[in-house]
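The chains referred to below are lettered A, B, ... by the order of the sequence lines, with proteins before strands, and numbering in each begins at 1.
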2 protein chains.
Amino acid sequence: MKTSEKILKVAADEFARIGYDGLSMNSLVEKLEINKATVYYHFKDKKALYKEVIKHEMKKNNDNVKTIFKENKDPENLFKSYINAHILSIKKNPNIVQIALREIANFGADVDEEIIPYIEEDINFLKLVLDDLNLKEKYKQMNLFSIFSLIQGTIKTFYAIQMSDLPIGLEEGLKKDSEKSLNHIAEFISNILLDAIVEK
Amino acid sequence: MKTSEKILKVAADEFARIGYDGLSMNSLVEKLEINKATVYYHFKDKKALYKEVIKHEMKKNNDNVKTIFKENKDPENLFKSYINAHILSIKKNPNIVQIALREIANFGADVDEEIIPYIEEDINFLKLVLDDLNLKEKYKQMNLFSIFSLIQGTIKTFYAIQMSDLPIGLEEGLKKDSEKSLNHIAEFISNILLDAIVEK
DNA sequence: GTCTATAATGTGATAGAC
DNA sequence: GTCTATCACATTATAGAC
């Protein structure tokens, strides 16, 4: 593995864990067991490294979603498959949850233009999936971004709080169980949304 | 207004804007136009100030929700009233969105035990509201925390991205319009949830 | 309660040897 | 490409005068 890849990997873990301002270059290179000047040889500055991490994490997420979500299915299972694609992507790469939540909290201040297409592509997938469903009349003109926020916001909020030490969400033995929590929230969202918007 | 209140107010705005690590005590006292040692007279250290801000913001949120949500209504309007209570609370105090999102991203590392009751009370309100509704059989044993995450995660994600410069969510003239965005997402969530879980 | 002054340490970043 | 050594400055925090 190339040094620049190692840096990117550890930086992603650490930025996800404690955020941009929380991570110092000193503690980063300590974890990496390389010299600080080496990081600055590979990346212009801390901000550039961070933006590279965001881009990389968003791309991985996008790739994961695309890979999983491609089989031919009936409309309702295609919808479930769309939700599950995001769930599986988080299982492969949980960093995306914390990084995305912080960037949202930050009003996207460090989100490069380059990553917008990844988000747009995801929203377009969602549109395709919804178009296949037999929607109730009132949901035919639905604001796509609302439902996108519902899916993303619900999954990330639920997952992060389940992974936390906070004594909240203890009811069903999901606490601190990443796998079970993600499976649970996927099914919950799929049920709620299909029950709400599909004409039966 | 007492000095300690002024400090708490400006600190809340600044922590919401750029986060705990992003804000330095130097820039805080610059904004406050007071001396740094004065802050340390009123608060033990930076962490104590931050925890006080979180507690204060969560309490305000809790108070807002309680105040608004107390009228007698039919079950469906009571549910809408529950959602709107959170929306109105954000309108009064938008800081809660960014602070909560960062704390969630942080797996609640700086969330004191003292604020847990505020969250529990909110979840209990939700339980009361849901109990009044004529729920479909499959939703009678629903995990409360899932629906709580859906409401909180959706509102905060939608709002924050609408307030951001990111060219996402441009469709309906809601972009950067706090009032309209919050009203929109409140109605969206109310419709989705009532359509999904209530027996018609 | 608020200030000045300062301590002690950490920070992002770079020049230059190898 | 990676290192040592170092710079200039920002950081949290406090002692002590008023």
Side-chain angles (χ1 to χ4, degrees), chain A residues 1-57 95 98-99 102-103 105-112, chain B residues 1-57 95 98-99 102-103 105-112:
Chain A
M1 197 183 219
K2 277 193 237 168
T3 304
S4 65
E5 288 171 351
K6 272 189 218 164
I7 296 170
L8 223 47
K9 194 197 165 328
V10 175
D13 291 344
E14 291 298 288
F15 280 135
R17 191 170 65 82
I18 46 175
Y20 176 78
D21 293 302
L23 178 66
S24 76
M25 297 302 267
N26 288 334
S27 68
L28 175 64
V29 298
E30 206 175 305
K31 285 247 170 191
L32 277 161
E33 292 178 312
I34 63 173
N35 191 277
K36 186 158 53 165
T38 303
V39 174
Y40 281 93
Y41 173 81
H42 289 282
F43 299 91
K44 184 183 164 290
D45 54 20
K46 189 184 175 186
K47 204 70 162 197
L49 172 59
Y50 182 60
K51 289 195 173 185
E52 206 56 38
V53 165
I54 294 186
K55 207 190 302 175
H56 200 245
E57 296 296 297
N95 285 344
Q98 286 168 283
I99 288 175
R102 279 206 198 83
E103 284 314 303
N106 234 16
F107 290 179
D110 292 316
V111 175
D112 261 36
Chain B
M1 198 183 216
K2 277 193 238 167
T3 304
S4 65
E5 287 171 351
K6 272 190 219 165
I7 294 170
L8 222 49
K9 193 197 168 326
V10 174
D13 291 344
E14 291 297 288
F15 280 135
R17 191 170 64 83
I18 47 175
Y20 176 78
D21 293 302
L23 179 66
S24 76
M25 297 302 267
N26 289 334
S27 69
L28 174 64
V29 298
E30 206 175 306
K31 284 247 171 191
L32 278 161
E33 293 178 309
I34 61 171
N35 192 277
K36 186 159 51 170
T38 303
V39 174
Y40 280 93
Y41 172 81
H42 289 282
F43 299 91
K44 184 183 164 284
D45 55 20
K46 187 184 175 185
K47 204 69 161 196
L49 172 59
Y50 183 61
K51 290 197 173 185
E52 207 55 40
V53 164
I54 293 185
K55 206 189 305 173
H56 200 245
E57 296 295 297
N95 285 344
Q98 285 169 281
I99 288 176
R102 280 207 197 81
E103 285 313 303
N106 234 16
F107 289 0
D110 292 315
V111 175
D112 261 37

Any idea which of [options] is nearest the [X] side chain?
X: B:Asn35; options: C:dA13, C:dC3, D:dT2; value: C:dC3
X: A:Lys36; options: D:dT12, C:dA15, C:dA13; value: C:dA13
X: A:His42; options: D:dT2, C:dT14, C:dG1; value: D:dT2
X: B:Asn26; options: D:dA15, D:dT2, D:dA10; value: D:dA10
X: B:Ser24; options: C:dT11, D:dT12, C:dT14; value: D:dT12
X: B:Thr3; options: D:dT2, D:dT14, C:dT2; value: C:dT2

[X] side chain N/O closer than 4.0 Å to the phosphate oxygens (OP1, OP2) of [N]?
X: B:Tyr41; N: C:dT2; answer: no
X: B:Tyr40; N: D:dT14; answer: no
X: A:Thr38; N: D:dC3; answer: yes

In whole angstrom, what separates [X]'s [atom1] from [N]'s [atom2]?
X: B:Met25; N: D:dT11; atom1: CE; atom2: P; value: 12 Å
X: A:Ile34; N: D:dT4; atom1: CD1; atom2: P; value: 12 Å
X: A:Leu23; N: C:dG10; atom1: CG; atom2: P; value: 15 Å
X: B:Asp21; N: C:dG10; atom1: CG; atom2: P; value: 15 Å
X: A:Leu32; N: D:dG1; atom1: CG; atom2: P; value: 16 Å
X: B:Glu33; N: C:dT4; atom1: CD; atom2: C1'; value: 18 Å
X: A:Glu30; N: C:dG10; atom1: CD; atom2: C1'; value: 12 Å

Just one of A:Thr3, A:Thr38, A:Val10 clears the side-chain contact (heavy atoms from CB on, under 4.5 Å) bar with A:Leu32, so which one?
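Output: one option passes, namely A:Val10.
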
Applying a 4.0 Å non-hydrogen cut-off, can you work out what A:Leu49 is touching in the nucleic acid: base, sugar-phosphate, or nothing?
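Touches nothing.
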
Does NZ or CZ of B:Lys51 lie under 6.0 Å from the centre of the six-membered ring of B:Tyr20, at an angle within 45° of the ring axis?
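Here B:Lys51 fails the 6.0 Å and 45° test against B:Tyr20.
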
